[in-house]
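A short write-up of the structure that comes next.
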Amino acid sequence: MSFVTRALSVAAAAVLVTSLAAAPAQAIEISPPGANDWSCKPTAEHPYPVILVPGTFESMEKNWSTLSPYLKSAGYCVFALNYGETNGVYATAPVAESAQELAPFVDAVRAATGAKKVDLVGHSQGGMMPRYYMGFLGGAKYVRQLIGIAPSSHGTEGVIVPPPGFVQDPDFTGLGCAACADQQAGSAFMQELNSIGDTVAGPSYTVISTVYDEVVIPYNSQFLNGPARQVTNITIQDKCPADVFEHDQTPNDPVVHQIVGHALGKVSGPADPAYQPACF
């Protein structure tokens, strides 16, 4: 990216975060179908509870409306959370602060289920923020694997904007989005996050990306560096060339569902890079 292009991108982001329309101040906590049954106990077949972590501007209800019931029907104990609320809009607070909200949620899931570790599945910021929890807040010992769906692993050279349908009322006050600034490529937060490397000892990592990502760009900046025994990076179109799912809708992609299910089903390590989902 040229200096001029980057300057324009940063300027656009600055305008965006001061002018975005915010949702009502009283955000409503609604779990996606199949999630947050606190009486659920993991089975021998699926011994690790799954925690779904939504992306910027997203609620757990919207972000996981299809993947949550998919995993629940497969026999997993599924949990999801909202985090990082600013003026009633989720996942917009500083990312490091949001990671501090993930930590007690993981502890609560472990306590309720009796599991020593959990599996984390996150979209966009939700696929990146847990790395701060694992690398800087001592969470690595509680996570078996992290599956990132279009994660902002190294930030984006583009501008993070709300998904279609986000703005409900033009009269809402402007929203500041610290998480948007944190997720710009080269930000102070991104430099800190990746100063210890892309991975930490212990957890496995699977990244699922689409070439049609228009939010976290370039799309391959989402990939993580690490040994094959610990990290698998998957481009959806390498598996299903006709798949045109973009950033916002990747959690609803049936191909992504299959890859997530495959990764969660591994006894150890990340997804098998040779795994082939059925294409739709």
Side-chain angles (χ1 to χ4, degrees), residues 32 34-35 50-72 74 76 78-83 90-91 95 98 102 118-134 143-156 158 160 163 179 183 198-199 203-224 231-240 243-266 270-273 275 277 280:
V50 179
I51 297 177
L52 304 176
V53 188
T56 309
F57 304 117
E58 296 282 8
S59 69
M60 59 178 168
E61 177 194 19
K62 177 181 179 296
N63 218 171
W64 305 117
S65 61
T66 60
L67 183 58
S68 178
Y70 175 86
L71 296 176
K72 182 67 172 181
Y76 289 93
V78 181
F79 298 86
L81 77 159
N82 292 320
Y83 65 88
Y90 296 121
V95 177
S98 293
L102 176 62
V118 303
D119 288 332
L120 300 176
V121 180
H123 174 232
S124 194
Q125 180 189 163
M128 171 275 293
M129 178 267 282
R131 290 177 50 223
Y132 192 92
Y133 160 66
M134 294 189 292
V143 178
R144 185 181 73 114
Q145 67 173 318
L146 170 63
I147 301 172
I149 302 171
S152 50
S153 303
H154 300 96
T156 178
I160 298 174
Q183 290 175 93
D198 287 4
T199 66
S204 298
Y205 301 78
T206 296
V207 174
I208 306 169
S209 302
T210 172
V211 299
Y212 297 109
D213 199 309
E214 79 290 13
V215 176
V216 181
I217 54 177
Y219 78 90
N220 55 8
S221 70
Q222 301 168 17
F223 296 161
L224 298 175
V231 177
T232 296
N233 296 304
I234 296 174
T235 301
I236 294 170
Q237 287 72 28
D238 287 344
K239 302 297 182 181
C240 298
D243 191 321
V244 294
F245 273 76
E246 41 68 54
H247 181 88
D248 181 55
Q249 290 300 312
T250 45
N252 298 320
D253 185 353
V255 172
V256 171
H257 291 182
Q258 294 175 73
I259 298 172
V260 170
H262 160 72
L264 291 174
K266 293 290 295 297
D272 182 349
Y275 171 73
F280 294 86

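The closest side-chain heavy-atom distance from P54 to Y83 is below 4.5 Å. Within the 4.5 Å cutoff, the side chain of S124 has no heavy atoms near those of the E58 side chain. For the pair M128/V216, no side-chain contact is recorded, criterion being any heavy-atom separation below 4.5 Å from C-beta on. With a 4.5 Å cut-off on side-chain heavy atoms, L264 and I147 count as touching. Here the side chains of V207 and P151 are in contact, with some heavy-atom distance below 4.5 Å. Between M60 and L52 there is no side-chain heavy-atom pair separated by less than 4.5 Å. A heavy-atom distance below 4.5 Å is found between the side chains of Y205 and M134. K62 has its side chain within reach of D248: a pair of non-hydrogen atoms, C-beta onward, lies under 4.5 Å apart.
When all heavy atoms of I208 and V256 are compared, the pair lying nearest together is CG2-CG2, 4.1 Å. Minimum interatomic distance between L102 and M129 (heavy atoms only, all atoms of both residues): CD2-SD, 3.8 Å. Counting all heavy atoms, side chain and backbone alike, P254 lies closest to F245 at CD-CZ, 4.1 Å. Shortest non-hydrogen contact noted between W64 and A80 is CD1-CB, 4.5 Å. Between R131 and S153, the closest heavy-atom pair is NH1-O, 3.1 Å.
In this structure, OG1 on T232 lies 10.0 Å from CD on Q145, to the nearest 0.5 angstrom. Taking CG of D272 as the reference point, atom NZ of K266 lies at 5.5 Å (rounded to 0.5 Å). How far CG of L67 is from CG of L71: 4.0 Å, rounded to the nearest 0.5 Å. The CG atom of L146 sits 11.0 Å away from atom OG1 of T199, with the distance rounded to the nearest 0.5 Å. Separating the OH atom in Y90 from the CG atom in L81 is a distance of 10.0 Å, to the nearest 0.5 Å. For the atom pair OG1 (T210) and CD (E246), the distance works out to 8.0 Å, reported to the nearest 0.5 Å.
By the salt bridge (Lys or Arg N to Asp or Glu O under 4.0 Å) test, D119 pairs with R144, sequence neighbours left out.
A donor-acceptor pair is defined here as one N or O able to donate and one able to accept, closer than 3.5 Å; such a pair exists between the side chain of Q125 and the backbone of A91. With N63 contributing its side chain and P251 its backbone, the two residues share no donor-acceptor pair below 3.5 Å. Looking only at distances, no side-chain donor or acceptor of S152 sits under 3.5 Å from a matching main-chain atom of Q183. Remark: side-chain polar atoms of D243 are not paired, donor with acceptor, to backbone N or O of F280 under 3.5 angstrom.
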Run the side chain to side chain contact (heavy atoms under 4.5 Å, CB included) check on Y70 and V260 step by step: do they pass?
CA-CA 10 Å; Y70 175 86; V260 170; over 6 Å; no
Output, in order, the C-alpha distance, side-chain angles, deciding distance and verdict of side chain to side chain contact (heavy atoms under 4.5 Å, CB included) for D198 and H154.
CA-CA 9 Å; D198 287 4; H154 300 96; 3.1 Å; yes
Working for side chain to side chain contact (heavy atoms under 4.5 Å, CB included), residues F223 and T235:
CA-CA 9 Å; F223 296 161; T235 301; 3.2 Å; yes
Begin from the C-alpha positions of H262 and T206 and carry the test side chain to side chain contact (heavy atoms under 4.5 Å, CB included) through to its verdict.
CA-CA 11 Å; H262 160 72; T206 296; over 6 Å; no
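The stretch residues 251-260 participates, sequence neighbours left out, in these side chain to side chain donor-acceptor pair (under 3.5 Å) pairs: T66-N252, T66-H257, Q249-N252.
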